[in-house]
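First up is the structure itself, then whatever we jot down about it.
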2 protein chains.
Amino acid sequence: METLDERRKKILCAIIQSHIDLNIPIGSFFITQKFSVGLSSATIRNTMAKLEELGYISQPHTSAGRVPTEKGYRFFVSTLLEEQTLAGNSELSDELSGKLMLTEKDNGKIVKEAANTLSLFSHYLALAIPPKTEDIVLKHIKFIKYEDRKVLAVLVSEEGMISNKIIELDRTYSQKQLDNASSYLNGKFHGLTIKIIREEITGQLHLDKAACDRLIANLIALCREVFTSETEDLTLNMLSGASNLPDFATMKQIKEILRAIEDKQFMLKLLHQMSGSQGTQVFVGMEHIIPSLRELSLVISTYKDGKQANGAIGIIGPTRMNYKKLIPMVDHTARALTRILTEI
Amino acid sequence: METLDERRKKILCAIIQSHIDLNIPIGSFFITQKFSVGLSSATIRNTMAKLEELGYISQPHTSAGRVPTEKGYRFFVSTLLEEQTLAGNSELSDELSGKLMLTEKDNGKIVKEAANTLSLFSHYLALAIPPKTEDIVLKHIKFIKYEDRKVLAVLVSEEGMISNKIIELDRTYSQKQLDNASSYLNGKFHGLTIKIIREEITGQLHLDKAACDRLIANLIALCREVFTSETEDLTLNMLSGASNLPDFATMKQIKEILRAIEDKQFMLKLLHQMSGSQGTQVFVGMEHIIPSLRELSLVISTYKDGKQANGAIGIIGPTRMNYKKLIPMVDHTARALTRILTEI
DNA sequence: GGTTAGCACTCTTAAGCGTTGAGTGCTATT
DNA sequence: AATAGCACTCAACGCTTAAGAGTGCTAACC
């Protein structure tokens, strides 16, 4: 595979950046004008022909300028990621600290707020994926009498997530009894991840049953439901700035995006793709996730919440988006989010 | 003001229904074909001229057919509302009962689920507005230790809404102390609406302070925050089926809708418009709510939640939407929702 | 008087067609 | 290797023309 020398890289980036700015095919003459590169248009043309041959750019039609291909964008993005541009996001910083430092919020709301701000500044659709339910560490569980035979279970995680779940029992218990059950479970499961708790419950359950009184056994049995079912609230997908829907996309694409985001599988898939790697990643062309999202890109970065769990926050926009500005922006937001979540 | 005789009504409705079905201007000849009305196109033309003069229909251009005006749609809708068409929504019924009867849900989730289903069947954007916070009746309040000086307050309403709120205190309290505070407040405020509680707190507070011990006084003071601030979760706007975004609308309109829905004021305004009147209402052309939503209509119906509070559920679609099908659908959903919420 | 056939008129839509201009690839030259 | 020159291609634009849908009006009809 032929590699790109310095000049070709420079011209390729010039084409892509120009196309991002102007959204028109870029011609050879334009490059000589805009970038005082000291070459004639004919030379640029030769280079362009080579770049096209290598698959980085293409022509919409014979007599048009060049447009970046996905491969082109990927190259462009990778250079940007290497550069680690620490562009001035001080405005964003201020807004973020201002909004996120208000103390009356649980972590879920903080993450959502971060996505909101990111959407506001990027003018694109922002999304935040909370950590996987499995990795969440239980801090506290509390049962509240809800109706005659229904109990509201409130779960608080070490990371600051809060989740409600209503469970139905086969008979009525007093609040006192429920409090006892809470204490027992708190003592037993405090500090463990949901994953481990789940295993404990399914595995050891029959052993404990004999040891403790009937009430608690019964409650544990029902608790199984709390921990085994998907505990939706914790994995709630957070989406923000739908009003910042991109101008670029067709109705069909927008529908696809929203449908995808409503679908939990998509988010999990995405998080899975991210996991392992740290920092900011860019997916140019999202067809490997959903075929119809071919013309869209995702700039996304992981954040940590103080414990071991990882989430992700990022934006969805057109493939032709201003990566130079947006990559540092997403990166910055994720860092700020991590900082604030660990500070608490 | 000249009134419409039977024939004119019939022709007007034929035009509107045809236009809704086909989304093209409707000509006189078309009407004679589709509806075996026993009149020639010339006669239809005369009637059309009259209907246009009266403002019910209009021509996009000289040689085009007729298109309904907003006035036309309003007339059409009012006849449909009179008719009380009880069209077959058995499929919707099944889906609804199936989804809503699952017992593990709180009322907030049930309402959301109803909006989801409505969106699924209508193929439009569905929205549900929960009852006004003020009218909600407190059933239970519980404090859970969250962090050192932070407490998670969980509010459960008689209607089955659940709300979380984190409040910050000036010192640390033990869970035991928090439980005492919960009991005290439960005893004092159980069964009262948020509105009354709010008044009690702001009014009587200084009197009680002397009577009860310092801890509780302090907690009540902080409780003020729980009840006076907007308790967002309870008034959370519920929106569903963004993926069912209408084909009809321009990007600009869609942005407007989403922006509007993100804005709480809009929802409150809407609920206010609804309040007083029962049953299903149709707003043709939403420019009285937001100017830019001129080409959109809203079909919305109130639901009751067993107590005195009212919410609303409905859909947003193009002015040219299939009212004949959708009005009964919304009506039906609201009824089913009321039934299920009161049954519990 | 209401209804209808006939007809001229209007205006959109689509197709056809030459012109323009941007941008290219190729070749000969430096 | 870089460049100037040139013929070539093709989308975009404006123009004209033809077709067709639907109207309003008038005169005849029941």
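Any value given below was found using the heavy atoms of this structure, including those in side chains, with hydrogens, waters and symmetry copies removed. A note on names: the letters A, B, ... follow the listed sequences, proteins ahead of strands, and every chain is numbered from 1.
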Between B:Tyr124 (side chain only) and B:Leu120 (backbone N and O only), is there a donor and an acceptor less than 3.5 Å apart? no
Does A:Asp331 pair with A:Arg335 as a salt bridge, N-O distance under 4.0 Å? yes
Salt bridge between A:Glu6 and A:Lys10, side-chain N to carboxylate O under 4.0 Å? no
Do other residues, nucleotides or ligands put more than 12 heavy atoms under 6.0 Å from B:Phe29 CZ? no
Does A:Ile315 reach the side chain of A:Leu118, with side-chain heavy atoms less than 4.5 Å apart? yes
Do A:Val67 and A:Gln59 touch side chain to side chain, with heavy atoms closer than 4.5 Å? no
Which part of the nucleic acid, if any, lies within reach of A:Ala42 when heavy atoms closer than 4.0 Å are counted: base, sugar-phosphate only, or nothing? base
Which nucleotide span of DNA chain D, 5' end to 3' end, has atoms closer than 4.0 Å to non-hydrogen atoms of chain A? D:dA2 to D:dA11
Looking at B:Thr43, I'd like to know whether one of its side-chain N or O atoms comes within less than 4.0 Å of OP1 or OP2 on C:dT3. no
d(NZ, B:Lys50; C1', C:dG1) in whole Å: 15 Å
Counterpart residues, ring pair (Phe, Tyr, Trp, His ring centres under 6.0 Å), relative to B:Phe30 (two or more places apart): none
Sub-3.5 Å pairs of nitrogen or oxygen atoms, protein against nucleotides 9-13 of chain C:
residue	atom	partner	partner atom	Å
C:dC11	OP1	B:Thr62	OG1	3.4
C:dC11	O2	B:Ser63	OG	3.0

B:Ser58: side chain to side chain donor-acceptor pair (under 3.5 Å) partners, not counting sequence neighbours: none
Might you work through the side-chain hydrogen bond (donor to acceptor under 3.5 Å, both in side chains) test for B:Ser41 and B:Ser28, ending with a clear yes or no? CA-CA 5 Å; B:Ser41 65; B:Ser28 52; 4.6 Å; no
What residues form a side chain to side chain contact (heavy atoms under 4.5 Å, CB included) with B:Thr47, not counting sequence neighbours? B:Arg7, B:Arg8, B:Ile11, B:Leu51
Start at the 5' end of DNA chain C and walk down; is the nucleotide closest to A:Arg45 or to B:Ser41 reached first? B:Ser41
Residues touching DNA chain D, which here means a heavy atom under 4.0 Å, drawn from residues 11-34 of chain B: B:Gly27, B:Ser28
